[in-house]
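One structure below.
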Amino acid sequence: MSTEIAHLRRRLLEFLIQCHSQLELPLIVKYSALSLFFDRFRPCVVRFLQKKKKSEHWLLQPLTESNLQLFVLISIWISCKIHCSRGLSVQSLKSLGDKMITEQLFTVRDFVEAELVFLKVMKFEIGTLNIAYTLLDDLLIQFKEVAKVGELLNFEACMDMMDLLYEKEETSVLYHSSTSLAAASILVSSYIVTVPKQQWEFPILPWVKMVTNKEEREVVELVGYILSQVLYSHPS
């Protein structure tokens with residue numbers, strides 16, 4: 001990946017995280033939006049444009065950073081519709097866009113059209129039940145039920161690791177290659193980083209193998225990779 005594209009990806013990630021924070025929405029909305037936009041929309045839109053001799057909508061041609069920011073907001077909007085009992089109004093979304101998108105002003109109609117374009121590019125496949133966040137959250141609940149040391153595991157550290165892994169294309173691949181393996185490995189990585197070493201009495205690897213059906217070797221290898229990325233990597 002070129003440096004320019006890597007920097008754009010990082011800016012879009014920061015944009016999504018900032019918008020989610022501004023809206024004060026549940027974490028499930030944030031990670032569903034990350035999955036929708038980075039794991040699915042971005043790869044799909046590349047294939048979508050390659051198949052079309054001429055783009056069907058001005059939001060896709062050219063695909064500017066402002067347009068991508070609009071689609072980030074759309075991913076949050078859709079995630080909110082899926083997971084929140086009270087949805088986010090298009091007016092609220094537009095007000096946030098007016099404040100956060102500095103290079104272009106989008107109308108309410110643009111937001112409505114962008115949602116339709118987003119869904120069309122994704123072929124209306126917007127399920128978010130099996131994303132890494134939901135599996136990780138479930139694993140942590142189970143872990144706390146079987147081990148007192150689970151109370152020492154820092155959930156925020158898990159979230160920080162998830163965010164950092166989204167910064168790079170090559171590390172975010174973990175989220176759609178095997179979400180259960182990714183979730184288990186993030187849990188173990190956070191355990192290593194946040195639980196005091198003298199408290200490492202619980203057999204976490206055999207337990208993870210039992211509840212996820214993943215081999216210990218797979219988890220150990222991915223944990224090593226995750227820790228090398230989030231602890232020792234340097235900004236490009």
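What you see is a predicted model; the values in this text were computed from it and never measured. Nothing fancy with the numbering, it's 1 onward along the sequence.
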Closest approach of [X] to [Y] (non-hydrogen atoms, all atoms of both residues):
X    : Y    : value
L25  : C84  : CD2-SG, 4.4 Å
L136 : A183 : CD1-O, 3.4 Å
S75  : L36  : O-CD1, 3.9 Å
D110 : L105 : OD2-O, 4.5 Å
I126 : R40  : C-NH1, 4.0 Å

Could you state whether [X] and [Y] fall into the same hydrophobic cluster, counting links through intermediate Ile, Leu, Val, Met, Phe, Trp or Tyr residues with side-chain heavy atoms under 4.5 angstrom apart?
X    : Y    : value
V149 : M210 : yes
L181 : L164 : yes
Y225 : V220 : yes

Practice problem: Please collect all ring pair (Phe, Tyr, Trp, His ring centres under 6.0 Å) contacts where either partner lies in residues 100-124, sequence neighbours excluded, each pair once. | Solution: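 Matches after skipping sequence neighbours: F41-F118.
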
Inter-residue atom distance [X].[atom1] - [Y].[atom2], 0.5 Å rounding:
X    : Y    : atom1 : atom2 : result
M159 : S190 : CE    : OG    : 8.5 Å
H20  : I76  : NE2   : CD1   : 7.5 Å
S89  : K94  : OG    : NZ    : 12.0 Å
F71  : L16  : CZ    : CG    : 14.5 Å

Exercise. Check whether more than 12 heavy atoms from other residues, nucleotides or ligands sit under 6.0 Å from atom CD of E24, and answer yes or no.
Key: no

Quiz item: Hey, does the side chain of Q199 reach the backbone of P196 with a donor-acceptor pair shorter than 3.5 angstrom?
Solution: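 Not a single qualifying donor-acceptor pair exists.
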
Practice problem: Say whether, by atom type as modelled, one donor and one acceptor occur between the side chain of T194 and the main chain of N154 under 3.5 angstrom. | Solution: yes

Quiz item: Between E169 and R9, is there a salt bridge with N-O shorter than 4.0 Å?
Solution: yes

Quiz item: Thinking salt bridges, do E14 and R10 make one under a 4.0 Å N-O criterion?
Solution: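 No salt bridge links E14 with R10.
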
Practice problem: Decide yes or no on ring pair (Phe, Tyr, Trp, His ring centres under 6.0 Å) for F202 and F143, but give the supporting numbers first. | Solution: CA-CA 10 Å; F202 184 80; F143 185 44; 5.3 Å; yes

Quiz prompt | L8 side chain reached by R11 side chain, heavy atoms, under 4.5 Å | solution = yes

